[in-house]
Amino acid sequence: MAKFINEPSHTFNEYLLIPGYSSSECIPANVSLKTPLVKYKKGETPAITMNIPMISSIMQAVSGDRLAVALAKEGGVAFIYGSQSVEDEAAMVRRAKSYKAGFVTSDSNIKPTDTLADVVALKERTGHNTMAVTDDGTPNGKLVGIVSGRDYRVSRMSPDTPVYTFMTPFEKLIWAEEGTTLKVANDIIWDNKLNSLPIIDKDGKLCYMVFRKDYEQHKSNPAELLDSSKRYIVGAGINTRDYAERVPALLEAGADVLCIDSSEGFSDWQKFTIAWIREKYGDSVKVGAGNVVDAAGFRFLAECGADFIKVGIGGGSICITRETKGIGRGQATALIDVCAERDRYYEETGIYIPVCSDGGIVYDHHITLALAMGADFVMLGRYFARFDESPSNKVSIGGTYYKEYWGEGSARARNWQRYDMGGAKKLSFEEGVDSYVPYAGRLKDNVAMTLSKVRSTMCNCGALTIPELQEKAVLTLVSATSIVEGGAHDVIRKENTTTIK
């Protein structure tokens with residue numbers, strides 16, 4: 001007969017934090033949100049520590065190279081989606097890594113034999129005024145000049161005017177050699193009153209562009225997450241089928257950390273994948289695994305060698321696994337159970353394996369609840385899908401802007417590898433839906449607002465770090481009636497009324 005757990009599993013919305021004593025030091029400005037991304041031994045430092053407890057979901061509608069750079073600027077890590085060809089995923093990783101925190105691989109390039117019409121078309125496509133003129137029109141071709149808005153007048157020139165006749169030629173450019181530091185590059189820009197500075201190698205080929213406007217952006221991102229070469233830290237998703245081909249390509253492209261993208265991680269398929277990575281690379285390659293919902297699942301993946309473990313099945317806003325297969329667990333209960341096992345494992349072995357809460361985050365305060373329950377960080381899909389930097393299209397519906405958002409288990413994603421059970425190479429049935437989410441603007445603005453709420457709540461609990469929050473937090477289950485009480489009630493909201501003049 002089946003084993004029954006009669007205690008109901010709970011969601012984040014069924015819990016509240018009880019405020020604790022807050023000293024005068026407990027102000028949001030003093031809160032640190034640093035958190036380990038990968039496992040470490042007691043007394044040692046994690047190989048990767050994030051500055052904020054947020055990573056992005058391994059989804060086509062969420063994690064491309066633009067979002068990877070934007071999230072790394074804020075201190076988190078994006079995991080570029082793996083449900084694409086090995087070559088395309090590696091190219092995304094390479095683009096994000098080549099950004100190099102101020103050193104930008106040029107994405108507006110043109111040949112000297114192209115025309116003014118080509119320049120105008122390129123400007124409309126990229127929105128950039130400054131274009132590198134290379135011998136072959138590629139980002140890494142030999143630099144022969146620069147075109148900027150001050151070099152031409154559309155109203156006074158023929159559209160078929162060749163670029164070489166009005167560009168600023170290489171002989172008149174100020175440039176810097178490959179290996180120049182960002183500080184020196186910015187000094188050159190300021191000393192010479194430039195808007196941009198090309199960085200070229202010993203053969204005259206273009207490596208990067210450094211822009212004046214990026215200097216202020218760099219200064220405004222004190223929490224940015226960089227590797228030892230001052231490049232943004234980037235994650236990438238893998239599956240349990242083609243890892244022997246995909247993993248080497250992603251590592252060659254510069255991926256800092258990998259994560260197995262799977263709806264259910266308590267399986268031999270994940271064990272085989274991690275074992276292959278460990279046999280080939282040892283512990284030098286960091287790989288997360290999951291998803292699991294109980295202590296046994298955590299223990300299994302811990303013993304397989306996972307560097308972090310994701311918790312959650314069926315709690316995502318576009319996930320219908322619970323509806324279609326009848327498996328899963330309330331996210332809060334699953335997280336509490338797994339984190340308790342994580343702590344037991346740490347006591348037994350001296351190895352701390354970070355736990356990621358994946359799914360079930362509806363409101364910003366759910367992030368704080370997840371951290372208080374033991375999560376080291378959260379993985380977010382719908383949250384990031386709403387932003388400019390996500391790869392999906394922005395559409396207007398009834399005069400309101402939305403972003404497209406679909407699950408990796410939907411027919412649109414065709415990501416059968418995520419639901420691998422050793423069978424045929426196809427998606428037998430859908431475990432995700434195709435949808436829209438309200439457009440929310442820039443990632444930076446929204447993340448700043450969300451984290452200000454997290455810091456404020458932590459101060460209410462008398463905690464200045466995530467471990468301190470987990471130690472001091474007092475949580476209480478709430479009734480359905482108290483959930484209603486917690487929102488606006490027994491009033492008429494102003495936005496629902498019409499003023500009669």
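For clarity, every value in this text was computed on a predicted model and none was experimentally measured. Worth knowing before you read on, the calculation uses all heavy atoms, side chains too, and leaves out hydrogens, waters and symmetry mates.
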Heavy-atom pair of closest approach, residues [X] and [Y]:
X: Ala385; Y: Ser392; result: O-OG, 4.2 Å
X: Ala463; Y: Cys26; result: N-SG, 4.0 Å
X: Tyr405; Y: Gly381; result: OH-C, 3.4 Å
X: Ser83; Y: Gln60; result: OG-NE2, 2.9 Å
X: Ile52; Y: Glu74; result: CG2-O, 3.4 Å
X: Lys310; Y: Cys259; result: CE-SG, 3.8 Å

Asp376 and Phe308: CA distance, side-chain angles, deciding distance, side chain to side chain contact (heavy atoms under 4.5 Å, CB included) verdict: CA-CA 10 Å; Asp376 296 279; Phe308 67 86; over 6 Å; no

Would a distance-only check, ignoring hydrogens and angles, find a side-chain to backbone donor-acceptor pair under 3.5 Å from [X] to [Y]?
X: Asn446; Y: Phe387; answer: no
X: Gln470; Y: Leu371; answer: yes
X: Thr349; Y: Ile351; answer: yes
X: Arg278; Y: Cys304; answer: no
X: Asp307; Y: Val287; answer: yes
X: Glu468; Y: Leu464; answer: yes
X: Glu89; Y: Gly237; answer: yes
X: Glu341; Y: Val338; answer: no
X: Ser63; Y: Ser57; answer: yes
X: Ser229; Y: Arg231; answer: no

Tyr346 ring centre to Arg342 NZ or CZ under 6.0 Å, with the angle to the axis within 45°? no

Do the rings of Tyr363 and His365 sit parallel, tilted or perpendicular, given the 30° and 60° boundaries? parallel

Could you label the plane-to-plane angle of the Phe300 and Phe266 rings as parallel, tilted or perpendicular, counting under 30° as parallel and over 60° as perpendicular? tilted

For Tyr243, the option from Trp276, Phe272, Trp269 that meets ring pair (Phe, Tyr, Trp, His ring centres under 6.0 Å): Trp276

Side chains of [X] and [Y]: closer than 4.5 Å at any heavy-atom pair?
X: Ile55; Y: Phe79; result: yes
X: Ile238; Y: Leu250; result: yes
X: Val437; Y: Tyr402; result: no
X: Lys444; Y: Asn221; result: yes
X: Ser390; Y: Val62; result: no
X: Leu33; Y: Val454; result: yes
X: Lys453; Y: Ile367; result: no
X: Cys459; Y: Val31; result: yes

Determine whether Tyr383 and Val447 satisfy the following criterion, side chain to side chain contact (heavy atoms under 4.5 Å, CB included), listing intermediate values before the conclusion. CA-CA 9 Å; Tyr383 179 89; Val447 166; 3.9 Å; yes

Start with the C-alpha distance between Thr240 and Thr273, add both sets of side-chain angles, then the distance that settles side chain to side chain donor-acceptor pair (under 3.5 Å), and finish with yes or no. CA-CA 6 Å; Thr240 57; Thr273 303; 5.0 Å; no

Quick one: do [X] and [Y] make a salt bridge, cutoff under 4.0 Å?
X: Arg344; Y: Glu347; result: no
X: Asp337; Y: Arg329; result: yes
X: Glu348; Y: Arg299; result: yes
X: Lys97; Y: Asp256; result: yes
X: Lys271; Y: Glu303; result: no

Please report the C-alpha distance between Asp445 and Arg386 in whole Å, then the side-chain angles of each, then the deciding distance to 0.1 Å, and finally whether the salt bridge (Lys or Arg N to Asp or Glu O under 4.0 Å) criterion is met. CA-CA 12 Å; Asp445 299 333; Arg386 303 172 300 149; over 6 Å; no

Going through the checks in order, is the side chain to side chain contact (heavy atoms under 4.5 Å, CB included) test met by Ile466 and Phe377? CA-CA 9 Å; Ile466 293 172; Phe377 50 92; over 6 Å; no

In this structure, CG of Leu380 is separated from SG of Cys356 (nearest 0.5 Å) by 8.5 Å

Which distance, rounded to the nearest 0.5 Å, do you find between the CG of Leu17 and the CG of Leu369? 5.0 Å

Worked check of side chain to side chain contact (heavy atoms under 4.5 Å, CB included) between Arg95 and Thr105: CA-CA 8 Å; Arg95 286 197 296 272; Thr105 299; over 6 Å; no

More than 12 non-hydrogen atoms from neighbouring residues, nucleotides or ligands closer than 6.0 Å to OH on Tyr281, yes or no?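 More than 12 heavy atoms, drawn from other residues, nucleotides or ligands, come within 6.0 Å of this atom.
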
Taking atom NZ of Lys394 as the centre, report whether more than 12 heavy atoms of other residues, nucleotides or ligands fall under 6.0 Å from it. yes

